[in-house]
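Before any comments, here is the structure.
Letters go in sequence order (proteins before strands), and every chain restarts at 1.
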Amino acid sequence: MIIAKNFFSIINLKTLIYFCKIFFMKNDNIRVRFAPSPTGPLHIGGVRTALYNYLFAKQHNGTFILRIEDTDRTRFVPGAQEYIIESLRWCGIIPDEGVSAGGDFGPYIQSERKDIYTQYAQQLLDSGNAYYAFDTADELEQMREALLKDKHETFQYDAAHRLSMKNSLTMTAEEVEQWLKSDKPYVIRFKMPANEQLTINDMIRGEVHVNTATLDDKVLFKSDGMPTYHLANIVDDHLMKISHVIRGEEWLPSMPLHVMLYKAFGWESSMPEFAHLPLLLKPDGNGKLSKRDGDRLGFPVFPLRWPLDVNKEEIASGYRESCYYPEAFINMLALLGWNPGSEQEIFSMQELINTFSMERVGKSGSKFDPEKAKWFNKQYLLKQPDAEICKEAIPYLHGKENLYDTKTLEKICGLIKERLHFVKEIWEQVHFFFEAPTTYDEKAVHKRWKEGTSSTMNNLIEVIKNIEPYNINECDTTINAWITSNELNLGTVFNSLRLCLVGELKGPHIFDIMDIIGKEETIRRIETAAKIINY
RNA sequence: GCUGCAUUCGUCUAGUGGUCCAGGACAUCAGAUUCUCAGUCUGAGGAUCGAGGGUUCGAAUCCCUCAUGCAGUACCA
């Protein structure tokens with residue numbers, strides 16, 4: 001008995017500590033970053049990467065950091081950084097730390113960290129893991145061509161070739177010093193080991209094997225005085241104490257380089273874990289989703305709209321402007337490449353945070369399915385109260401919303417919401433509540449308007465005139481009774497009537513329409529139709 | 001070319017050696033809902049698990065080979 005009691009108290013204590021760690025305490029060990037470059041708008045693949053980073057961080061009570069990687073000043077696009085921040089905000093992916101959020105590890109914009117990189121590049125130079133290279137672009141090109149011509153080999157600046165190039169390994173110390181003192185350009189390259197077998201772990205793919213012989217001496221520092229992505233990335237991740245690097249699969253080939261850099265710096269023990277996310281593919285054909293695919297195939301690739309050219313003539317549409325709910329957008333994106341292992345498909349952000357796991361992220365790229373995206377939005381639209389849909393719909397009512405009071409507008413929304421994927425589409429479904437038809441669908445007229453229909457409709461007007469009080473129930477009983485007593489065909493009458501009121505054979509229940517547009521308008525529309533569609 | 005990664009219904013995916021002649025969702029089609037369209041409900045079709053070899057009593061699941069696709073191969077990220 002006592003033993004059992006002790007046993008349980010130990011278990012409980014352990015569980016309690018674990019519980020506290022997971023749910024209450026800020027876990028300082030888990031720090032992830034989303035690090036886009038401000039070269040244009042963030043596309044949905046980028047948003048998904050940000051989302052997975054965010055979910056992972058939140059689940060472990062860790063920190064989600066936003067860092068801007070702008071080491072290539074030539075590709076800088078004004079407004080892109082603001083766009084990224086605003087997109088994430090719209091999605092509900094809010095950074096805990098970084099650009100716009102602040103923090104103790106700043107600055108979070110790489111161009112503002114230039115001095116830091118210089119210092120670390122020097123460290124690599126001093127330890128013999130890097131060297132100066134002086135070859136011009138032309139010389140490199142010549143080397144490439146010569147090698148291809150003579151030996152059918154593709155040139156790589158690597159262990160096999162570096163000693164026949166112009167660099168601090170082949171030049172005397174004086175020559176190097178002289179060059180560095182002059183204004184002549186130079187770069188700093190990483191000295192990749194000649195032949196080392198690497199086994200690296202990826203959280204999604206497991207072990208990845210590479211031999212350093214296949215890798216080249218990547219430029220770490222450019223002649224313009226800025227580091228390349230590779231250097232900046234490693235230095236920043238180390239300094240910012242990043243625990244997990246979660247990024248797109250396009251980075252997988254440079255993972256060995258990054259690991260080698262950690263080793264060269266002597267940071268191997270605190271190296272982050274890597275997770276390379278599969279790519280998002282275009283819906284038709286193969287290849288990764290690109291910025292022009294969306295509007296070519298009729299769906300947005302960007303969270304927010306963005307002008308594709310400087311003249312703002314070609315504008316790429318955005319999810320926000322297409323009336324997607326950010327929650328639906330996030331839900332759809334989360335399921336593209338990850339699955340919960342259950343059959344649940346609708347997840348709130350909190351549910352995603354609770355359920356997400358890297359182990360359940362797939363390995364192969366996913367084709368984006370615009371149809372499924374629409375379906376997700378519909379699920380969220382249907383969850384909205386009618387009043388909310390109504391509020392969202394008003395901008396799409398072409399200024400005609402004043403025709404009805406709020407309560408009626410809400411009723412209209414409730415009546416038609418099930419046939420909507422987006423609030424934006426509402427006019428198509430409600431226009432006849434606001435405007436009398438001016439034309440009548442030809443096919444429908446041909447099918448539903450026979451000889452004598454006009455007179456039947458005129459008789460119906462008399463019936464409607466006498467309905468009092470004028471409401472759905474009264475309309476229903478009176479008109480049905482009239483049809484029965486005159487031995488008319490129900491379908492014929494209703495379809496003709498619908499043609500008068502709507503102009504085509506569509507829309508909600510006929511009595512709902514009659515009720516909302518009112519007695520006078522109903523009568524007026526029947527009169528007009530009976531005159532215009534004359535047989 | 002080289003290097004790496006991937007490969008289950010049209011699409012997203014479940015599946016970790018027997019319960020899988022492969023389950024769900026989107027899309028498609030049919031029936032029902034006796035005014036229409038839409039929706040909803042019910043149902044159907046749809047995957048020789050990329051191909052071929054092994055291992056095993058037994059493989060979508062493990063191993064090998066090939067094919068295909070994708071990514072990277074920049075002083076871009």
Give the nucleotide from the list [options] with an atom nearest to the side chain of [X].
X	options	result
A:Leu279	B:C75, B:C70, B:A25	B:C70
A:Lys378	B:A77, B:G39, B:G72	B:G39
A:Leu336	B:C12, B:A27, B:G1	B:C12
A:Trp375	B:C26, B:A14, B:G23	B:C26
A:Asp72	B:A25, B:C35, B:C76	B:C76
A:Glu345	B:A25, B:G1, B:A74	B:A25
A:Arg498	B:G10, B:A6, B:U36	B:U36

Tell which nucleotide pairs with [N], taking only Watson-Crick or G-U wobble pairs whose two distances are both under 3.5 angstrom.
N	result
B:U65	B:A51
B:C57	B:G18
B:C29	B:G43
B:C76	none
B:C9	none
B:G4	B:C70

Base, sugar-phosphate alone, or nothing: which one does [X] contact when heavy atoms must sit under 4.0 Å apart?
X	value
A:Val208	sugar-phosphate
A:Arg448	nothing
A:Gly341	nothing

Subject >> Name of the residue among A:Arg189, A:Gln156, A:Arg162 meeting side chain to side chain donor-acceptor pair (under 3.5 Å) with A:Asp217 >> reply: A:Arg162
Subject >> Phosphate contact (B:A77 OP1 or OP2) by A:Lys222 side-chain N/O below 4.0 Å >> reply: yes
**OP:** Establish, yes or no, whether a centroid distance under 6.0 Å links the rings of A:Tyr325 and A:Tyr380.
**Re:** no
**OP:** Check step by step if ring-ring contact (aromatic ring centres under 6.0 Å, His included) holds for A:Trp179 and A:Phe134.
**Re:** CA-CA 8 Å; A:Trp179 192 295; A:Phe134 308 108; 4.7 Å; yes
Subject >> Aromatic ring pairing A:His161/A:Phe155, orientation class (parallel under 30°, perpendicular over 60°, tilted between) >> reply: perpendicular
**OP:** Indicate, yes or no, whether a donor-acceptor pair under 3.5 Å links the base of B:C5 to the side chain of A:Arg205.
**Re:** no
**OP:** May I ask you to verify whether the side chain of A:His509 and the base of B:C35 hold a donor-acceptor pair under 3.5 Å?
**Re:** yes
Original post:
Is it the case that more than 12 heavy atoms not belonging to A:Lys417 sit under 6.0 Å from its NZ atom?
Top reply: yes
Original post:
What's the CG-P distance between A:Asp476 and B:C35, to the nearest Å?
Top reply: 11 Å
